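Everything on this sheet refers to the single structure shown next.
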Number of protein chains: 2
Amino acid sequence: MHSHTEENYLKALFLLSQENGKVTVLSLSRHLNNKMPSVNSMMKKLAEKKLVKYKSYQPLELTEKGKKEAALILRKHRLTEMYLVEKMGFGWENVHEIAEQVEHIQSKAFFDKMDEILGFPKFDPHGSPIPDKNGIIEWYNYTHLNDCISGENVVLMAVTHTSDEFLKYLNKVNLNLGTQIKILEREDFDQSMKLILNSGTEITLSAAASRNLLVKKQNSRQK
Amino acid sequence: MHSHTEENYLKALFLLSQENGKVTVLSLSRHLNNKMPSVNSMMKKLAEKKLVKYKSYQPLELTEKGKKEAALILRKHRLTEMYLVEKMGFGWENVHEIAEQVEHIQSKAFFDKMDEILGFPKFDPHGSPIPDKNGIIEWYNYTHLNDCISGENVVLMAVTHTSDEFLKYLNKVNLNLGTQIKILEREDFDQSMKLILNSGTEITLSAAASRNLLVKKQNSRQK
DNA sequence: TTTATTTGTTAGACAAATCTAATATATTAA
DNA sequence: TTAATATATTAGATTTGTCTAACAAATAAA
Ligand SMILES: [Mn+2]
Ligand SMILES: [Mn+2]
Ligand SMILES: [Mn+2]
Ligand SMILES: [Mn+2]
């Protein structure tokens, strides 16, 4: 198996390349709070293990093997987050740090049990897809809320930014996964949006907030 | 906080001194599958941190601070084992390895939640006491089954040896914590015991087995 | 197209945790 | 009480993961 540290590098590389396409030594070093030389030598080490394709001054890339390993760690992370929320009563803003540690536990049975108890969930508490046992991720194609127009009915499906502060803010304005939203108005000037939730509450979101929300469009008849 | 490794040393030293009184460098090295020089240098390091009293060629001892830290790790270990058995459906023979890893997770909230969900248990699935939040252990005073005599009624309260093989053996002969036992016969020759369980099954245990079982004596009227 | 800036690499140091080999002390047996 | 054995310590090497400082390459600005 791989060390705790190697696993964190693999996962970070996997996530960064999904978000931003090309991953550089600098971006990875920032993501992990490490210096560039540390990243550089770890990349060489992982290249030795055939998990990373490394060529000097070229963008970093995972091999197929590396992608699978990374996805399986991500699977453990997201299953854990789901378990913490669904079965232990944690809020979605308090699970990431714990999952960051639990994801390194080496026990097939432990995560299989979690999976089973949760009923084989497809998404984590933030709406991110949970890779399957082969590391395959089923991609959703949702719309960013800030790309929606006035009058549309949507349901909140995922958040693409998961800082504690943002999640706590969403709690405060009563936005949870599954919340039905109708867009009342979209301000051209600053792209802020006035929304009404199915609960009846009206809220206004800045573009900075709505950019991080993924929604599914509803037929207007499904009120 | 302390490293994963330091925590394992602390816990091992704590457990060994409870079992055997004096702990030597050799015994600790065997317990941890490390060589003596590794133990030696870790003891010096922990002495620096005021967790261990170290004097050359003297038995190893924890300081009060060291005892508390060790007990708190043991608390996390035993809470985890209890959680795995009670809330996730693991058998008591399959939880130790997982708990050995989970005990190092740094999150007060995580273990507080476990504790709460379990209803603040006092014992783990093997009947060992769970240290409280201050690291205080409440000692039971049970009897070893092999010290009991013919005709006595007892209840199985704890096992003092917890290898997978022994626990699986106990499963096979239907001995669980809480099982009521009547001693039918005790063979002087080899100290083997013939027992009858409240389920009605009759079994015969070797001294090697009964030595590892702690029982509570019952008034004979409580059948 | 030179120059400046950013990004990436190499070299070398360091702390943590481990080991082997050599040596010292303590204990047990003769 | 000496010799043999068991236990403990020291010295020094090794692996892993990190860092800083110096240098090299690529990119952006002038
Ligand atoms: Mn997370
Ligand atoms: Mn992690
Ligand atoms: Mn255990
Ligand atoms: Mn452990």
Side-chain angles (χ1 to χ4, degrees), chain A residues 1-14 16-17 19-62 66 69-70 73 100-101 103-106, chain B residues 1-14 16-17 19-62 66 69-70 73 100-101 103-106:
Chain A
M1 258 334 104
H2 313 112
S3 73
H4 190 121
T5 313
E6 288 171 326
E7 291 192 344
N8 283 335
Y9 274 95
L10 284 175
K11 188 169 59 107
L13 181 44
F14 186 81
L16 272 184
S17 49
E19 286 171 26
N20 309 342
K22 305 234 175 274
V23 180
T24 64
V25 172
L26 184 64
S27 64
L28 192 49
S29 79
R30 281 184 179 138
H31 191 85
L32 289 163
N33 282 311
N34 279 336
K35 302 298 175 180
M36 285 197 289
S38 308
V39 172
N40 194 278
S41 46
M42 182 57 82
M43 289 305 105
K44 286 176 167 178
K45 187 180 169 189
L46 294 177
E48 287 288 313
K49 295 193 173 190
K50 307 291 183 199
L51 296 163
V52 165
K53 295 178 211 164
Y54 174 83
K55 290 189 113 177
S56 295
Y57 299 101
Q58 295 301 120
L60 302 169
E61 238 185 300
L62 287 167
E69 305 266 354
I73 299 158
E100 201 58 48
Q101 299 177 66
E103 70 190 357
H104 303 292
I105 287 179
Q106 304 290 334
Chain B
M1 256 336 104
H2 312 113
S3 71
H4 189 123
T5 312
E6 289 170 325
E7 291 192 344
N8 284 335
Y9 274 95
L10 285 175
K11 188 169 59 107
L13 182 44
F14 186 81
L16 271 183
S17 49
E19 288 171 26
N20 310 340
K22 304 233 176 274
V23 180
T24 64
V25 173
L26 185 64
S27 64
L28 191 49
S29 78
R30 281 183 179 140
H31 191 85
L32 289 163
N33 280 311
N34 278 336
K35 303 297 176 180
M36 285 197 288
S38 308
V39 171
N40 193 276
S41 46
M42 182 56 83
M43 288 306 103
K44 286 176 167 179
K45 188 180 169 189
L46 294 177
E48 287 289 312
K49 294 192 172 191
K50 307 289 181 201
L51 296 164
V52 164
K53 296 177 210 164
Y54 174 82
K55 291 189 113 177
S56 295
Y57 299 101
Q58 296 301 118
L60 303 169
E61 239 186 299
L62 288 166
E69 304 267 355
I73 299 159
E100 201 58 50
Q101 299 176 64
E103 69 190 357
H104 303 291
I105 288 179
Q106 304 291 335

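Note that the structure is predicted; figures quoted are calculated from it, not measured. We name chains A, B, ... by the order of the sequence lines, and we start the count at 1 in each one.
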Round to the nearest Å and state the distance from Lys35(A) atom NZ to dT10(C) atom C1'. 18 Å
Rounding to a whole Å, what distance do you find between Asn34(A):CG and dT20(D):P? 11 Å
Find the distance Asn33(A):CG to dT18(D):P and express it as a whole number of Å. 11 Å
Lys49(A): which residues meet the side-chain hydrogen bond (donor to acceptor under 3.5 Å, both in side chains) condition with it, sequence neighbours left out? Glu6(A)
Let me know the distance between CE of Met42(A) and P of dC19(D), rounded to the nearest Å. 11 Å
Give me the atom names and distance for the closest heavy-atom approach of Leu32(B) to Ala12(B). CD2-CB, 3.8 Å
Could you state the CG-P distance from Leu26(A) to dT5(C), rounded to the nearest angstrom? 17 Å
In terms of heavy-atom contacts, His2(B) and Glu7(B) come closest through O-OE2, 4.0 Å
Residue Pro37(A), side-chain atoms from C-beta onward, closest of dT18(D), dT20(D), dT18(C): dT20(D)
Side chain to side chain contact (heavy atoms under 4.5 Å, CB included) partners for Lys22(B), two or more places apart: Pro59(B)
Using a cut-off of less than 4.0 Å, is there contact between a side-chain N or O of Asn40(A) and OP1 or OP2 of dG8(C)? no
Shortest non-hydrogen contact from Lys53(B) to Leu62(B)? CE-O, 3.9 Å
How close or far is atom C1' of dG8(C) from atom CE of Met43(A), stated in whole angstroms? 13 Å
So does Gln58(B) have more than 12 non-hydrogen atoms from other groups sitting under 6.0 Å from CD? yes
Excluding sequence neighbours, so at least two apart, what forms side-chain hydrogen bond (donor to acceptor under 3.5 Å, both in side chains) with Ser29(B)? none
Close approaches to DNA chain D from residues 46-57 of chain A, in residue order (heavy atom, under 4.0 Å): Tyr57(A)
From CZ (Arg30(B)) to CG (Leu26(B)), nearest 0.5 Å: 4.0 Å
In whole angstroms, how far is the P atom of dA16(C) from the NZ atom of Lys44(B)? 15 Å
Reading 5' to 3' and counting Watson-Crick or G-U wobble pairs with both distances under 3.5 Å, write the dot-bracket notation for DNA chain C, | for bases paired outside the strand. ||||||||||||||||||||||||||||||
Within the 4.0 Å heavy-atom criterion, would you say Ser38(B) contacts the bases, only the backbone, or no part of the nucleic acid? base
Without decimals, in angstroms, what is the distance between Met36(A) CE and dT10(C) P? 13 Å
Categorize Ser3(A) for me: base, sugar-phosphate, or nothing, with a 4.0 angstrom heavy-atom threshold over every strand shown. sugar-phosphate
Let me spell it out: for each of Glu6(A) and Thr24(B), pick the nucleotide of DNA chain D with the closest heavy atom. Which residue's pick is nearer the 5' end? Thr24(B)
Does His104(A) have any ring pair (Phe, Tyr, Trp, His ring centres under 6.0 Å) partners at least two apart in sequence or in another chain, and if so, which? His4(A)
